[in-house]
Amino acid sequence: MSEYTLAERALILNVAIDEASASKLPTEVVHAAEAILQGNYTSVLRDGQFFSDAEATKDLIATGNIEEWAKTRLSTTDLDDPVTRFTTLATGIACLNAFIQTNWTGPLLDWSMSELLVGHQDEHLDKAIHSHCLQFLSADSEPVYHLTERLGLLAIARIVLLALRTKCSTASFWAMRATFIQQQLLDNPTGSLQTQLAELASECGFLDGADNELKIRLELETGLIDSYFGQDKEAYMKMQNAQKASGFEWSLTGAMGRRTKFQDFDVSQLVMLAESSKKDDDKKAAGGDDDVARPEMVDLNDDTLLDQVAYAKTEENDANADKRHGNLRVIDQCLLLAFCLNVKNTNPEHGLTSEEMTPYVTRVLENANNWMVHTMGLLLKTRLEAHKTRTVERSLLQLQALVDQIKVEDSGADERLAYFYDLLLPSKWEMERELARRFVSLGVIRSAKDIFERLEMWEEVVSCYQMLEEPNKAKEVLSQLLKADPTSPKLLCILGDVEQNPDHWRKAWEVSGHHNARAMRTLGAYHYKRQEYKESITCYQRALEINPLFEGSWYMLGCSAMQVDEWDVGVRAFQRVVALDHEQAEAWNNLASIYVHLDRKPDAFLALKQATKLKFDNWRMWQNLLFISVDVGQFADAIWAMQRIVELRWDKVREEAVDTQVLQMLVDNVILNWKDAFDRDGQRLARQVQRLLEDVILIRISSSPEIWRIVAKFYIWQGRLKDALEASVKAYRVVMHDVRLETDPEVFERVAQVALDTVDSYESLGDKEQDGAPVCADWRYQSRLIIKGLMGKVRDVFDDTEMYGRLKDRLDDLKCA
């Protein structure tokens, strides 16, 4: 690596440039790098050349167009000169980090954009730049949070870093970071930024082979990006790659211990054992300095629960003490928190998930190695404790402390930014929004409303007024806001939500110049509820053309298309749903349904297999799979599907859980040796069919004559003639005790037919030999008993019917034989 590349590497890893490399670099480069590493971003910006040309700011003062200003400054900068190139890169990094310091980490900065650009405070210029950046940084109609401070810094950072992609080896990495920060300013994920992030990440691929430390950062940060966009499998794979590069080892296991103060016995506790492959060289980074300032930790102060698990003094616990409590590298702690988030994203939201996440957080908080890592650990802890009665108060107080700490100056920007990009930490307004929502969950609505009003999150303010049963105040607030800004698409959409008036959504669409996806999404849902499916399709298509990352909108588009038989639209919609969320079982099921209509049954079969994997206890999906499996000749899957249906439904609907026509086909497949989709013999499934009949169906359902007759047929094929005859007799016994036999002609007809079939079985099997003896030596006698008994029951009611005559004729035949 060249000295410049080593300096760029140091900025990514937040480590000092080694003396040998520093001695070969120009003073300007070393000073710029050291200032960034020390968190002194202000000096980098003020001392650099980028902001030094007063003439260049004249047009900016007039228009506020920071984009044009930055591009003009770049056009007059000699990026072929290595020193200028590096200091320009340092300027972009300083802008980005200063922006993050302002809106995420603190401590707060004491200067404005106008002071940086023109040397003095100019509120008009600040407002002009802010207004321009709100438009410039928005994407796919998703607006930037309007109270974000110093947006110009992020705009400059993006422009500079993107321009240096082909000039500096790490510029793409920093541009990816800047773009991800931009995404986090928006209301919702956007397709255009996701595509750009993927492109920038691919340009960083060459860093993989440079060294392990860079690979750890790259894999972890791209994993967090994937996690943000809901691509949890891809995120997990990248986190694993980062873990391998780090040599970090961890595992979840059990250890004996106690959770309460008065517990007098030990029980197994879920615990995280973790060990870094090597220790951080820096004592402070390794947590070795007890005097380092740390975020405030609120004590539990509960009369029963211990603040931490008290582990028992056992040989195993003592042996694992270092793995349970020992210090970890800071980057490894970031990895643990990332894995913790992945557990949350890939599991249902219930108590078991919280219990699984807790050891990750506890292990990180054992050693407070870095201010922001500690902050993220405490934030996750507050979320885990928010739904437990004994910890909910501490959770709220801790979250309040985290919100307040951005103003505290007991740790520097260098420490707070050192590992910021390796954590998915919310911005300061998102943290406050979370606090307000916590108040709502506890019923403290007015306090939540006050926070939302201060943050100017009007949708949540309106929601609070509705919960307080003050809808008129909600409308009054919106009315006042619309007087100040009558062409705000967002406010018009909120008003439409409150009044359920589609005219407001249509107006929002018009005033946005047909660029407000939210208006079309809401209007699409409105039309769907009114069963106006054609209009709903049009609205959702318009919304998704602007921002295609809304899984719910694709799903509703697909449902609308199914209602009006627009199968091509439906296929595309549900394909996008499962591409965005591979575990959306309902979408797989609906996709299969459309495939059936399009006569693409093999595709439908594969879609239903995926759906049943995800919704293992949904009998309707299993029933769909049963039918389509038989249609495409996948009889093994049909057998498994029928088993699941019986297991899920038999206790509620009994014999209705078995589709006897399909069961007959499964038996015929074996008996007649049909070929399956892969030209394999049907007889290979004989054992599975027998297990289905005997171990799944008959042990649960024995009251269906049709099932017993199918069983008898299968037993005859197997050569089990006695069992076949017994099954036929059981089929008759099931129906002969029907209380409606003597009153309902249809029931009599059905029972009589079963009786005749049973007599036929006696006649065909009785004289045959099995194991050296007749199957039923007195089959004539048994047959006469069946018919006489039935005729005796119904003689006074149905003696003049055709079926009664058939019974009588059959009895005469038996007497003559």
Side-chain angles (χ1 to χ4, degrees), residues 139-142 188-199 225-237 345-346 517-518 520-521 523-525 527-528 533-616 618 620-625 627-629 631-632 634 637 641 677:
D140 298 352
S141 85
E142 296 297 331
N188 295 290
T190 60
S192 61
L193 291 186
Q194 184 186 32
T195 302
Q196 188 174 27
L197 284 165
E199 181 182 341
I225 291 171
D226 286 338
S227 180
Y228 179 89
F229 285 101
Q231 298 174 315
D232 298 311
K233 287 185 178 179
E234 294 84 349
Y236 185 71
M237 290 175 60
N345 294 339
T346 55
R518 174 181 173 171
M520 282 294 106
R521 286 195 297 269
L523 199 56
H527 286 304
Y528 186 87
Y533 301 117
K534 290 279 189 180
E535 293 83 352
S536 178
I537 289 173
T538 301
C539 291
Y540 277 122
Q541 285 178 330
R542 288 174 178 172
L544 291 165
E545 282 175 6
I546 298 168
N547 188 353
L549 288 190
F550 278 80
E551 171 197 324
S553 297
W554 283 113
Y555 186 88
M556 294 304 298
L557 173 61
C559 292
S560 300
M562 290 180 72
Q563 296 290 343
V564 292
D565 296 348
E566 291 193 17
W567 306 121
D568 291 338
V569 174
V571 165
R572 180 172 178 267
F574 288 120
Q575 284 176 341
R576 287 301 299 266
V577 174
V578 297
L580 291 168
D581 181 4
H582 196 68
E583 298 186 358
Q584 234 289 16
E586 296 292 344
W588 284 111
N589 187 64
N590 291 343
L591 185 59
S593 177
I594 296 176
Y595 282 148
V596 170
H597 282 91
L598 295 175
D599 200 26
R600 295 169 57 180
K601 291 183 178 179
D603 292 331
F605 168 75
L606 294 174
L608 281 169
K609 285 198 72 172
Q610 185 64 31
T612 50
K613 285 180 186 176
L614 300 168
K615 283 286 185 75
F616 194 67
N618 188 308
R620 286 186 174 85
M621 290 187 185
W622 282 107
Q623 192 166 59
N624 292 340
L625 178 61
F627 296 149
I628 201 67
S629 296
D631 277 353
V632 299
Q634 297 283 5
D637 290 284

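Just so you know, residue 1 is the first one in the sequence shown, and it goes up from there. Values below: all heavy atoms of this structure, side chains included; hydrogens, waters and symmetry mates excluded.
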Identify all side-chain donor-acceptor contacts of residues 565-579 below 3.5 Å with residues at least two apart in sequence or on another chain.
{"residue": "E566", "atom": "OE2", "partner": "K534", "partner atom": "NZ", "Å": "2.9"}
{"residue": "Q575", "atom": "NE2", "partner": "Y595", "partner atom": "OH", "Å": "3.1"}

Checking [X] side chain against [Y] main chain: does a donor-acceptor pair fall under 3.5 Å?
{"X": "S141", "Y": "A517", "answer": "yes"}
{"X": "D140", "Y": "S192", "answer": "yes"}
{"X": "S227", "Y": "D232", "answer": "no"}

If you measure from [atom1] on [X] to [atom2] on [Y], what distance do you get to the nearest 0.5 Å?
{"X": "K609", "Y": "I628", "atom1": "NZ", "atom2": "CD1", "answer": "13.5 Å"}
{"X": "D226", "Y": "N345", "atom1": "CG", "atom2": "CG", "answer": "11.5 Å"}
{"X": "Q231", "Y": "D581", "atom1": "CD", "atom2": "CG", "answer": "10.5 Å"}
{"X": "L625", "Y": "Q634", "atom1": "CG", "atom2": "CD", "answer": "9.5 Å"}
{"X": "K613", "Y": "W588", "atom1": "NZ", "atom2": "CH2", "answer": "9.5 Å"}
{"X": "R542", "Y": "E545", "atom1": "CZ", "atom2": "CD", "answer": "8.5 Å"}

Please report, to 0.1 Å, the donor-acceptor pairs under 3.5 Å made by any side chain of residues 547-554, with sequence neighbours excluded.
{"residue": "N547", "atom": "OD1", "partner": "G191", "partner atom": "N", "Å": "3.4"}
{"residue": "N547", "atom": "OD1", "partner": "L549", "partner atom": "N", "Å": "3.3"}
{"residue": "N547", "atom": "ND2", "partner": "E142", "partner atom": "OE2", "Å": "3.4"}
{"residue": "N547", "atom": "ND2", "partner": "P189", "partner atom": "O", "Å": "2.9"}
{"residue": "W554", "atom": "NE1", "partner": "P548", "partner atom": "O", "Å": "2.8"}

Stepwise side chain to side chain contact (heavy atoms under 4.5 Å, CB included) test for L197 and F229
CA-CA 11 Å; L197 284 165; F229 285 101; 3.6 Å; yes
So do the side chains of D631 and F605 get within less than 4.5 Å of each other, counting heavy atoms only?
no
Would a 4.5 Å heavy-atom cut-off, applied to side chains only, mark E583 and K233 as touching?
yes
Walk me through it: do Q610 and H582 pass the test side chain to side chain contact (heavy atoms under 4.5 Å, CB included)?
CA-CA 9 Å; Q610 185 64 31; H582 196 68; 3.6 Å; yes
Nearest heavy-atom neighbours spanning [X] and [Y]:
{"X": "A585", "Y": "K615", "value": "CB-CG, 3.2 Å"}
{"X": "M621", "Y": "L608", "value": "O-CD2, 4.2 Å"}
{"X": "A543", "Y": "M520", "value": "CB-CB, 3.7 Å"}
{"X": "V632", "Y": "A677", "value": "O-CB, 3.4 Å"}
{"X": "L614", "Y": "Q584", "value": "CD1-N, 4.0 Å"}
{"X": "C559", "Y": "Y528", "value": "CB-OH, 3.6 Å"}

Consider side chain to side chain donor-acceptor pair (under 3.5 Å). Of N589, N618, T612, which one does N624 pass it with?
N589
